[in-house]
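Working notes, structure below.
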Amino acid sequence: MPAETGRLLIINGPNLNLLGTREPEVYGTATLADVEEICRTAATAHGLAVEVVQSNHEGELVDAIQSVRGSAERPGADGIVINPAAYTHTSVALRDALGAVARPTVEVHISNVHAREEFRRHSYISPVVDAVIAGAGLTGYRLAVDLLAERLQG
Ligand code: CA2
């Protein structure tokens with residue numbers, strides 16, 4: 001196994017802790033633990049470390065984004081995968097935080113947000129990220145990790 005050559009932060013927004021417990025017709029039956037395993041497996045194959053976080057609180061998500069800068073106590077991160085969940089459609093704070101940290105970032109949505117209610121078609125986040133993946137289910141997280149590995153190592 002090669003030494004880890006970078007770190008990714010995988011951020012999940014509100015209610016994604018409920019994955020696998022409700023609305024399987026929209027979000028499938030896999031859980032947040034499965035998201036973590038998918039990301040870790042893909043990242044490891046690229047020699048990248050991952051940290052997966054989930055919060056139901058907007059300010060905690062802002063703190064998580066800012067944490068990629070690192071500190072004396074914690075390592076930072078080189079890239080971000082974020083499913084902002086409902087905050088996609090409401091949060092100027094998350095958009096500003098992502099814009100400020102300047103790391104390659106992929107926005108992921110499990111469902112195809114363009115095939116659902118009209119309000120889900122607008123994202124405050126998309127203009128400040130490098131790529132958007134929607135409707136690929138949990139595979140979207142793997143694709144996001146693969147893309148970031150390519151951008152960071154290519
Ligand atoms: O498709 C996605 O990944 C979303 O980001 C999920 C959000 C939704 O607000 C976005 O429009 C699209 C909702 C996450 C809530 O996840 C649940 C999972 C299982 C049961 C209930 C909610």
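All ligand and atom numbering here is 1-based and tracks the order in the structure. The model shown is predicted, which means the values in this text are computed figures rather than measured ones.
- Using a 4.0 Å cut-off between heavy atoms, Val26 makes no contact with ligand 1 at all.
- In terms of protein heavy atoms, atom 12 (C) of ligand 1 is closest to Val113 CG1, 3.7 Å.
- Contact check for Tyr27 versus Leu18: no side-chain heavy atoms found under the 4.5 Å cut-off.
- Looking only at protein heavy atoms, the nearest one to atom 15 (C) of ligand 1 is Asn15 CB, 3.6 Å.
- Side-chain atoms of Asn56 come within 3.5 Å of backbone atoms of Asn15 as a donor-acceptor pair (strictly under, hydrogens ignored).
- Interface atoms of ligand 1 facing Ala86, defined by a heavy-atom separation under 4.0 Å, are 9 (O).
- For the ligand labelled ligand 1, residue Thr88 lies outside the 4.0 Å heavy-atom shell.
- Judged by distance alone, with hydrogens and angles left aside, the side-chain atoms of Arg103 form a donor-acceptor pair with the main-chain N or O of Ala77 at under 3.5 Å.
- Taking the six-membered ring where tryptophan is involved, the planes of His89 and His109 are essentially parallel, since the angle between them stays under 30° and well short of 60°.
- Residue-ligand proximity, Leu16 to ligand 1, at heavy-atom distances under 4.0 Å covers atoms 14 (C), 16 (O).
- Residue, atom and distance of the protein heavy atom nearest to atom 4 (C) of ligand 1 are His109 ND1, 3.7 Å.
- When each atom of ligand 1 is checked for a heavy atom of Ile110 under 4.0 Å away, the hits are 1 (O), 2 (C), 3 (O).
- Nearest non-hydrogen protein atom to atom 8 (C) of ligand 1 is Arg120 NH1, 3.3 Å.
- An N or O contact shorter than 3.5 Å links Ser111 to ligand 1 by distance.
- The main-chain N or O of Thr31 is found under 3.5 Å from a side-chain atom of Asp34 such that the two form a donor-acceptor pair.
- Atoms of ligand 1 found under 4.0 Å from any heavy atom of Arg22 (numbered from 1 in listed order, with element): 19 (C), 20 (C), 21 (C).
- Asp130 places a side-chain N or O within 3.5 Å of a backbone atom of Thr105 that can act as its donor or acceptor partner.
- Ranking protein heavy atoms by distance to atom 13 (C) of ligand 1, first place goes to Tyr27 OH, 3.3 Å.
- Every atom of ligand 1 is numbered from 1 in the order shown, and the set under 4.0 Å from a heavy atom of Glu23 is 21 (C).
- Residue contact check: His89 has heavy atoms under 4.0 Å from atoms 10 (C), 11 (O) of ligand 1.
- Judged purely by atom type and a 3.5 angstrom limit, Thr88 uses its side chain to pair as donor or acceptor with the backbone of Ala85.
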